[in-house]
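One structure is given here, and the rest of the page talks about it.
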Amino acid sequence: MSDAQDIGTVLAAVLDDPYGSIAPPIAQSSLFAFDSYQAFEDRMAARSDQAMYTRVQNPTVAAFEGLMAQAEEGGAAVGFASGMAAISSTLLAFAKPGDRIACIEHVYPDTYRFMERMLRPFGVITEYHPPAAFEDDPDLLDGVRLAYLESPSSVVFQAMNLAKVAEHARRHGTLTITDNSWATPVFQRPLTLGIDIVLHSASKYISGHSDTVAGVVVSSQEHIAQIRDLTLSLLGAKLAPFEAFLLTRGLRTLAARMRQHQATANLFVDRLAALPQVRGVNSPGSNDVPGLAGRSGLMSVEFDETVDIPRFSDALRHFRLGVSWGGFESLILPARVGLAQAGEKNSMQKFGVSPNLVRLSLGLERAEDLWADFISALNESVT
Ligand SMILES: *Cc1c(COP(=O)(O)O)cnc(C)c1O
């Protein structure tokens, strides 16, 4: 998939619809009846793959899964009710008590909580390492069952050489999983770099409109079959047909949206560097690591001590304060809000981030409007 055109072409191929619909029909049905006893028995005996029950299979969901498999260049895909459902169902399908997981530091905060609060009590032990350790230590994965990666990572957006890590992992028989929500298949296709399993919070760029919470996993047919048989059907966190419809709609504009996010992000990166209040910008771009072909609109900026961050946040007009990202509207999430999160530690609290960091999700508004808003809020909040 190199541009938006390709996704539309592929859509016709994955739709099995007698009316010639251009958009996938929403199969809002819990079950699908069989024409004969024989057809029913064939399905139960896995001699056919006719849709039977929406917890495990649905035509609208299958259309989205087909598109995602093509986009990520995988053998198959499976949708989930959320990114966290995709992550937890994938880890539970492959990890068993006594296994070790190697995970990047600064992983998505709830993924860290899943490792610590859900997997550790079941005897699956996760160790955390900086991205460079995965690349530079060829024996890091010795005896490790699963490597759990994000490139770039959350909050501090450190990108890594996935091909190099995949090579080390293959030597140790370690299964590699990468969260590709930030780059999307438009800018990075981890399976082509040797990663075994790629997953997404489809709530972000794939949906693209801040109106859906969903997840998806793409891998070989064998790995996806294992997830379907085990955790999709037995934990049951399936993707709903209507949400699959919205995601298919999102995919059709994904490449066009990513180009626009990149143009705005490039403008910000160029101009932020010249501001005296800015200590650093975390925003990997095209070719910063092998296999990364673009810069998305999600980045973080570290200010110096002169910027009053609550005041800056409140002074913004276009940027709304909120979690999540990847939609039309620009958002700001100050790191100190993440650091204030109650309950079990999250990865930001565990591995430490500067309280002067703010995460920006640059949306699809006019770039010059966003920049003017940013500068005007900054001028109001320098002490
Ligand atoms: C949001 C997010 C998730 C979790 O996805 P949900 O759809 O909110 O469950 C996972 N990984 C990353 C990188 C995310 O940003």
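The residues of the chain are indexed from 1 along the displayed sequence. Every number for a ligand or one of its atoms is a count from 1 in the order of the listing.
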Heavy-atom donor-acceptor pair, T178 side chain to N180 backbone, under 3.5 Å: no

Angle between ring planes, W182 versus F157, binned at 30° and 60°: parallel, tilted or perpendicular? tilted

Distance-only polar pair, side chains of S300 and N282, donor-acceptor under 3.5 Å: yes

If you count the atoms of ligand 1 from 1 in the order shown, which ones are under 4.0 Å from a heavy atom of A214? 7 (O)

Point-to-point distance, once rounded to the nearest 0.5 Å, from CD1 of I227 to CD1 of I197: 5.0 Å

Salt-bridge present (E243, K238; N to O < 4.0 Å): no

Enumerated ligand 1 atoms positioned under 4.0 Å from heavy atoms of G83: 5 (O), 6 (P), 7 (O), 9 (O)

Measure W325 to ligand 1 on non-hydrogen atoms and call it side chain, backbone, both or neither using the 4.0 Å cut-off. side chain

A202, portion touching ligand 1 at heavy-atom distance under 4.0 Å: neither

What do you reckon, does S181 have a nitrogen or oxygen under 3.5 Å from a nitrogen or oxygen of ligand 1? no

For D49, is there any backbone N or O sitting under 3.5 Å from a side-chain donor or acceptor partner on Q57? yes

Taking heavy atoms and a distance under 4.0 Å, where does I87 meet ligand 1: side chain, backbone, both or neither? side chain

The protein heavy atom nearest to atom 4 (C) of ligand 1 is Y108 CE2, 3.4 Å

Ion pair check, R189 and E73, cut-off under 4.0 Å: yes

Electrostatic pair E41:R47 at N-O distance under 4.0 angstrom: yes

Side chains of N266 and Q262: donor-acceptor distance under 3.5 Å anywhere? no

re atom 14 (C) of ligand 1, the protein heavy-atom contact at minimum distance is K204 NZ, 2.9 Å

Say whether M84, considering both its backbone and side-chain N or O atoms, lies within less than 3.5 Å of an N or O atom on ligand 1. yes

Which atoms from ligand 1 have a heavy atom of S82 less than 4.0 Å away? 7 (O), 9 (O)

Heteroatom distance test (S201, ligand 1): nitrogen or oxygen, under 3.5 angstrom: yes

Look at ligand 1 and say whether A86 reaches it with a heavy atom at a distance under 4.0 Å. no

Are any of the N or O atoms of S203 closer than 3.5 Å to those of ligand 1? yes

Would you say D179 has any N or O atom under 3.5 Å from an N or O of ligand 1, going by distance alone? yes

